[in-house]
> 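Have a look at this one.
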Amino acid sequence: MTVPVYHYFDLGRLGRGEVVKLFLMDAGIEIEEVNYPYDETWVENSKKLQQQGITRTRKVPALEYRGLILTQHIPILRFFARELGRYDGETNVEKFVVDAVSDIYIDWRSQWVANLTKKSEKYKNEVAPEYYKLLDQYYRDHAGPYLLGNTVTYADFAVYQSIDNDERTGTLPSSLPESLLKFREVFELRPNIVAYLKETRLD
């Protein structure tokens with residue numbers, strides 16, 4: 001099989017594209033990475049990617065896969081969940097829950113990104129705590145550790161990324177709900193990503 005080509009910024013563990021990378025790594029899908037500096041060169045690089053048809057919006061991540069160009073990180077996860085026949089829940093109700101939580105994550109991410117450029121106490125003291133409080137309600141619906149119980153879904157990768165990114169930017173609440181602490185602990189032991197997470201963890 002042709003190795004998918006993954007286009008993203010050189011941001012380390014930060015950013016939405018990392019969700020895609022973790023997901024594919026967990027699924028055992030090898031990728032070829034093409035990373036771009038997140039600096040003044042991006043304006044020109046993004047124009048080139050648009051001209052090449054790799055991204056219509058001049059945004060990344062973008063993934064070249066079997067003749068397709070896949071963009072937008074959550075739709076990419078949904079695509080592969082369907083392609084692989086896992087990571088998406090089995091019943092219509094389960095799929096709804098996974099979609100709902102991923103949409104909650106999207107709402108969170110827009111506010112997290114805005115806080116990167118314009119720091120606000122409101123984000124740290126109100127937005128982030130309310131986000132994790134809301135997630136806790138969903139994660140407590142099952143015995144855990146994952147959103148749907150013992151089966152990991154694509155939404156779990158997004159939720160994990162939000163916890164990790166808030167920690168890296170100093171905006172993670174001082175205490176997380178027990179359900180999310182349990183989830184994070186188990187997620188970080190997943191066989192295909194455990195070594196990578198250890199290598200890239202915060203000092």
Side-chain angles (χ1 to χ4, degrees), residues 1-84 86-88 98-99 101-120 123 153-171 190 192-193 195-202:
M1 183 182 78
T2 303
V3 175
V5 181
Y6 165 85
H7 299 264
Y8 196 56
F9 297 119
D10 187 10
L11 291 176
R13 286 279 298 277
L14 287 177
R16 61 193 177 195
E18 182 72 5
V19 183
V20 175
K21 183 176 177 181
L22 279 178
F23 179 92
L24 295 176
M25 194 179 297
D26 188 85
I29 298 175
E30 182 183 350
I31 59 173
E32 175 187 338
E33 293 188 58
V34 181
N35 295 317
Y36 304 90
Y38 189 57
D39 57 22
E40 67 280 356
T41 64
W42 175 241
V43 173
E44 190 60 34
N45 283 332
S46 65
K47 289 180 182 178
K48 291 179 181 177
L49 289 177
Q50 187 180 47
Q51 292 167 356
Q52 294 167 3
I54 292 174
T55 172
R56 293 179 176 180
T57 61
R58 292 172 56 180
K59 295 180 180 179
V60 288
L63 195 71
E64 299 178 65
Y65 176 73
R66 295 184 175 177
L68 300 172
I69 299 294
L70 306 176
T71 57
Q72 309 298 328
H73 69 302
I74 293 299
I76 290 175
L77 298 188
R78 288 175 178 150
F79 173 89
F80 277 100
R82 295 163 185 162
E83 184 88 342
L84 298 169
R86 49 197 174 105
Y87 294 103
D88 192 29
V98 176
D99 285 346
V101 169
S102 69
D103 280 6
I104 290 170
Y105 155 85
I106 290 171
D107 291 340
W108 163 84
R109 176 154 288 280
S110 66
Q111 297 185 77
W112 180 82
V113 170
N115 188 65
L116 286 179
T117 55
K118 188 176 181 181
K119 302 290 184 182
S120 74
Y123 174 83
T153 67
Y154 74 82
D156 290 305
F157 289 82
V159 168
Y160 176 78
Q161 182 71 0
S162 64
I163 295 172
D164 184 76
N165 278 191
D166 261 333
E167 183 174 51
R168 290 171 187 272
T169 55
T171 48
R190 293 188 62 77
N192 285 359
I193 60 177
Y196 174 73
L197 294 178
K198 285 182 178 179
E199 289 171 3
T200 56
R201 67 187 175 191
L202 288 169

> Do Leu24 and Pro4 have side-chain heavy atoms sitting under 4.5 Å apart?
no
> Distance check, rounded to the nearest 0.5 Å: Ser162 atom OG versus Glu167 atom CD?
11.5 Å
> Shortest non-hydrogen contact from Gly17 to Pro61?
CA-CG, 3.8 Å
> Hey, could you give me the CZ/CD1 distance between Arg109 and Ile104, rounded to the nearest 0.5 Å?
15.0 Å
> Please assess Val43 against Arg58 for the test side chain to side chain contact (heavy atoms under 4.5 Å, CB included), listing each intermediate value before the final yes or no.
CA-CA 9 Å; Val43 173; Arg58 292 172 56 180; 4.1 Å; yes
> Arg16 side chain to Ala158 main-chain N or O, any donor-acceptor pair under 3.5 Å?
no
> Answer whether the closest heavy-atom distance between the side chains of Thr55 and Ile69 falls below 4.5 Å.
no
> Report the residues that fulfil side chain to side chain donor-acceptor pair (under 3.5 Å) with Tyr36, sequence neighbours left out, ordered by chain and then residue number.
His7
> Would you compute the distance between atom CG of Leu63 and atom CD1 of Ile54 and round it to the nearest 0.5 angstrom?
10.5 Å
> Output the distance between atom CG (Asp107) and atom OG (Ser102), rounded to the nearest 0.5 Å.
10.0 Å
> Which of these, Phe23, Phe80, Tyr154, sits in a ring-ring contact (aromatic ring centres under 6.0 Å, His included) with Tyr87?
Phe23
> List for me each residue that meets salt bridge (Lys or Arg N to Asp or Glu O under 4.0 Å) alongside Glu64, sequence neighbours excluded, and say none if there are none.
none
> List the atom of Arg190, the atom of Asp26, and the distance in Å for their closest heavy-atom pair.
NE-OD1, 2.6 Å
> Who are the side chain to side chain donor-acceptor pair (under 3.5 Å) partners of Arg86, not counting sequence neighbours?
none
> Tyr105: what forms a ring pair (Phe, Tyr, Trp, His ring centres under 6.0 Å) with it, not counting sequence neighbours?
His73, Trp108
> Which residues pass the salt bridge (Lys or Arg N to Asp or Glu O under 4.0 Å) test with Asp88, sequence neighbours left out?
Lys95
> For residues 69-78, pull every pair meeting salt bridge (charged side-chain N to carboxylate O under 4.0 Å, His left out), keeping only residues two or more places apart or in separate chains.
Arg78-Asp99, Arg78-Asp103
> How would you list, by chain and number, every residue that makes a salt bridge (Lys or Arg N to Asp or Glu O under 4.0 Å) with Glu32, sequence neighbours excluded?
none
> Between OG1 of Thr71 and NZ of Lys59, what distance do you get to the nearest 0.5 Å?
10.5 Å
> For residues Tyr8 and Glu18, report the shortest heavy-atom separation together with the two atoms involved.
CE2-N, 4.2 Å
> With distance as the sole test, does Asn192 use its side chain to make a donor-acceptor pair with the main-chain N or O of Ala27 at under 3.5 Å?
no
> Considering residues at least two apart in sequence or located in another chain, which fulfil the ring pair (Phe, Tyr, Trp, His ring centres under 6.0 Å) criterion with Tyr6?
none
> Using the test side chain to side chain donor-acceptor pair (under 3.5 Å), find all partners of Thr171 that sit at least two apart in sequence or belong to another chain.
Asp166, Thr169
> To the nearest 0.5 Å, tell me how far Leu22 CG sits from Thr200 OG1.
7.5 Å
> Checking Phe9 now: which residues fulfil ring pair (Phe, Tyr, Trp, His ring centres under 6.0 Å) with it, not counting sequence neighbours?
Tyr38, Trp42
> Report the residues that fulfil side chain to side chain contact (heavy atoms under 4.5 Å, CB included) with Thr41, sequence neighbours left out, ordered by chain and then residue number.
Pro37, Asp39, Asn45
> With Gln111, which residues qualify under side chain to side chain donor-acceptor pair (under 3.5 Å), at least two apart?
none
> Which heavy atom of Val20 sits nearest a heavy atom of Ile76, and at what distance?
CG1-CG2, 3.9 Å
